[in-house]
Structures are given as structure tokens and as C-alpha cells.
Amino acid sequence: AIDGTVTAPEAPAVEGKEFSGWDKVLTGITQPVIVTAKYQTATNTVTFVGKDGETLKTEEVELGKGATAPEAPSVEGYTFTGWDKSFNNVTEDITVTAVYEINKYTVTFVGKDGETLKTETVEHGNDATAPEAPAIEGYEFIGWDVEFTDVNGNLVVSAKYNPLVTLGDVNNDGYVDNLDAATLLKYDAGIIDTLTAEQTAAADVNADGFADNLDAAAILKYDAGILD
């Protein structure tokens, strides 16, 4: 020692430990001393981040030990599938990212009688593409019963049809006459319990949403030539 000052050697590396200094001051030494290297358990920082890079948790982990993952947050339209790397044997600072998979849904288009027209797999938030609705004799396709844009779940989409009818031809015999008025009057009086969808569509000649004696009166006027 010169002037009571000791120059320390390089501390040897110790697996799993990091050198933190010496246990005595190396200056002002006036007598023989033993100076011991001090070590502390080495640690690494493990940072868990979410889908968009937001920090979920930061943990100091001893060298060679494992970290404990936080609960991954729910993300609308996505399913958590795990973490992008192992954190069971940590030997350096690491960032662990939550991995998500976008949800996919089945959209099924069906026809008038429930037959499948098309099945499509759609990612969350995307739109399905409708097939061409089949032509059906005596019916007019008027659209689909539910929206299939911005899909966020499994869907069954049904084709909607209206019967092609001649207003007033309640009996569907090709004529608008007193027989149709008679059928309608019987229905209005409760003698006939129900009308088919086609009969109801044909019966509402005054377009007020009802099939009743007012429609029957209009049919009789037409049959008598009072209405054109």
C-alpha cells in the first residue's frame, strides 16, 4: 500500500451474482486487513406489455428464475392466445408481449325455405358478402332479414320474399270479382279464420294494412265497374 491506499484487483465473476463492492474502505490503511468482495444476487427486469404496447407489469427477477405473468386484458374482437416468449428462465432484461388472435365468425345465408345458400368466415368488424338470392316463381326477393356489416358474432341471414299477387285477387284465380269480395267478407266476419300470406297481400287493396270489409267494398265497386 502506498500512503495507506490499496488498489483492488478485478473481482471475479460469480454465476448468478453481481459484484457490489468491497467490504472495507481501501484507503487510510495502517495495518494488515482482509478485504472481501461483496456480491448480491443478480436480477433482470421483465416487462409485460399488452397488444398495443402498454405496460401491464414490471418485475425484477433473480437470474435464472421465472417471472409471473399478469392477467392479460380482454380486447374486444380478439382472443388472447399466450405470450410471445418464455419467461421461465430469465437471464437478461426482456419484454414479453401479449399475443392476440382476431375473432372469426361464421355467416350463413339461407333461402326462403331455410336452405343454405352460402357460408362465409368473416373476421371481427368486417362485412360479409351476400350471395345472389335465388329467383322463386310467384315471389319477389326484397332483401335480407338482418344486417351483415361490421360482423361481431355468428350470424344466420335469411332471404326475404314477398308473394307476387294481383291486388283484389284474394282467391288467386286470375280474376278480381265478387267471389274475392265474398271471401274477404267471410274473413272479416270471422267465418274464415285465416288468410294465407298471398291472400292477405292481395286483399289489402286500399293499402291501409288491414284486410277487411273496406277492401271487400272496393273489390265490389271494381267488379261493378264503379272503380277502374
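We count residues from 1, following the sequence as given.
Looking at residues two or more places apart in sequence or on another chain, you find no side-chain hydrogen bond (donor to acceptor under 3.5 Å, both in side chains) involving Lys51. The side-chain hydrogen bond (donor to acceptor under 3.5 Å, both in side chains) test applied to Lys57 returns Glu59, not counting sequence neighbours. Considering only residues two or more places apart in sequence or on other chains, Glu147 meets the side-chain hydrogen bond (donor to acceptor under 3.5 Å, both in side chains) condition with none of them. Residues forming a side-chain hydrogen bond (donor to acceptor under 3.5 Å, both in side chains) with Tyr100 (at least two apart in sequence, or on another chain): none.
Residues Phe80 and Ile102 share a single hydrophobic cluster, defined by chaining ILVMFWY side chains whose heavy atoms lie under 4.5 Å apart. Using a 4.5 Å cut-off between side-chain heavy atoms of Ile, Leu, Val, Met, Phe, Trp and Tyr, with links allowed through other members, Ile226 and Leu167 fall into different hydrophobic clusters. Leu227 and Leu185 are assigned to two separate hydrophobic clusters, defined by single-linkage of ILVMFWY side chains at heavy-atom distances under 4.5 Å. Note: the hydrophobic cluster containing Leu179 does not contain Val205 (ILVMFWY, side chain heavy atoms under 4.5 Å, direct or indirect links). Tyr187 and Val170 fall within a single hydrophobic cluster, where Ile, Leu, Val, Met, Phe, Trp and Tyr are joined by side-chain heavy atoms under 4.5 Å apart, directly or via other members.
Sorted by first and then second residue, the pairs that involve residues 122-137 and meet side-chain hydrogen bond (donor to acceptor under 3.5 Å, both in side chains), not counting sequence neighbours, are Tyr105-His124. Listed by first and then second residue, the ring-ring contact (aromatic ring centres under 6.0 Å, His included) pairs that reach into residues 21-51 are Phe19-Trp22, Phe19-Tyr39, Phe48-Trp83, Phe48-Phe87, sequence neighbours excluded.
For the pair Val35 and Leu26, the minimum side-chain heavy-atom distance is below 4.5 Å. Proximity of Leu117 to Val110: side-chain heavy atoms (C-beta onward) are nowhere separated by under 4.5 Å. Side-chain contact between Asp84 and Val96 is present, with at least one heavy-atom pair separated by less than 4.5 Å. Side-chain contact between Thr119 and Val107: absent, with no pair of heavy atoms (C-beta onward) separated by less than 4.5 Å. Counting heavy atoms from C-beta on, the side chains of Thr7 and Thr5 never come closer than 4.5 Å. With contacts defined as side-chain heavy-atom distances shorter than 4.5 Å, the pair Val46/Thr58 does not qualify. Using a 4.5 Å heavy-atom cutoff, the side chains of Thr47 and Thr55 are in contact. Within the 4.5 Å cutoff, the side chain of Leu184 has no heavy atoms near those of the Asp212 side chain.
The distance from atom CG of Asp23 to atom OG1 of Thr36, rounded to the nearest 0.5 Å, is 4.0 Å. Atom CG of Asp177 is separated from atom CG of Asp169 by 8.0 Å, given to the nearest 0.5 angstrom. The CG atom of Asn171 lies 13.0 Å from the CD atom of Glu198; values are rounded to the nearest 0.5 Å. Taking CG from Asn213 and CD1 from Ile219, the interatomic distance works out to 11.0 Å, rounded to the nearest 0.5 Å. Rounding to the nearest 0.5 angstrom, the gap separating the CG atom in Leu214 from the CG atom in Asn206 is 6.0 Å. For the atom pair CG (Asp215) and CG (Asp208), the distance works out to 5.5 Å, reported to the nearest 0.5 Å.
Counting non-hydrogen atoms of other residues, nucleotides and ligands closer than 6.0 Å to OH of Tyr161 gives a total above 12. Crowding of Lys221 atom NZ: a count of heavy atoms from other residues, nucleotides or ligands under 6.0 Å not exceeding 12. Within 6.0 Å of atom NZ in Lys65, 12 or fewer heavy atoms from other residues, nucleotides or ligands are found, so the atom counts as exposed in its surroundings. Within a 6.0 Å radius of CD in Glu115, more than 12 heavy atoms belonging to other residues, nucleotides or ligands are found. Residue Lys186 places its NZ atom among 12 or fewer non-hydrogen atoms of other residues, nucleotides or ligands, all under 6.0 Å distant.
Side chain of Asn88 to main chain of Gly66: no donor-acceptor pair is present (N/O by atom type, distance under 3.5 Å, no hydrogens or angles).
Between the side chains of Thr43 and Glu62, no donor-acceptor pair is found at a separation under 3.5 Å.
Shortest non-hydrogen contact noted between Thr106 and Asn154 is N-OD1, 2.9 Å. For Glu60 against Thr45, the heavy-atom pair with the smallest separation is OE2-OG1, 2.6 Å. The nearest pair of heavy atoms linking Gly50 to Ala98 is CA-CB, 4.2 Å. Here the shortest heavy-atom pairing between Ala202 and Thr166 reads CB-O, 3.5 Å. The minimum heavy-atom distance between Phe148 and Val157, with the atom names listed, is CD2-CG1, 3.9 Å. Across all their heavy atoms, Val156 and Asp145 have their closest contact at O-OD1, 4.3 Å.
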> How far apart are the C-alpha atoms of Ile94 and Asn44, what are their side-chain angles, what is the distance that settles it, and do they pass the side-chain contact (heavy atoms from CB on, under 4.5 Å) test?
Replying inline: CA-CA 8 Å; Ile94 58 173; Asn44 295 107; over 6 Å; no
> Passes side-chain hydrogen bond (donor to acceptor under 3.5 Å, both in side chains), Glu101 versus Thr81? Steps please.
Replying inline: CA-CA 7 Å; Glu101 183 176 291; Thr81 60; 5.8 Å; no
> Could you go step by step and tell me if Thr97 and Val99 meet the side-chain contact (heavy atoms from CB on, under 4.5 Å) rule?
Replying inline: CA-CA 6 Å; Thr97 303; Val99 178; 5.6 Å; no
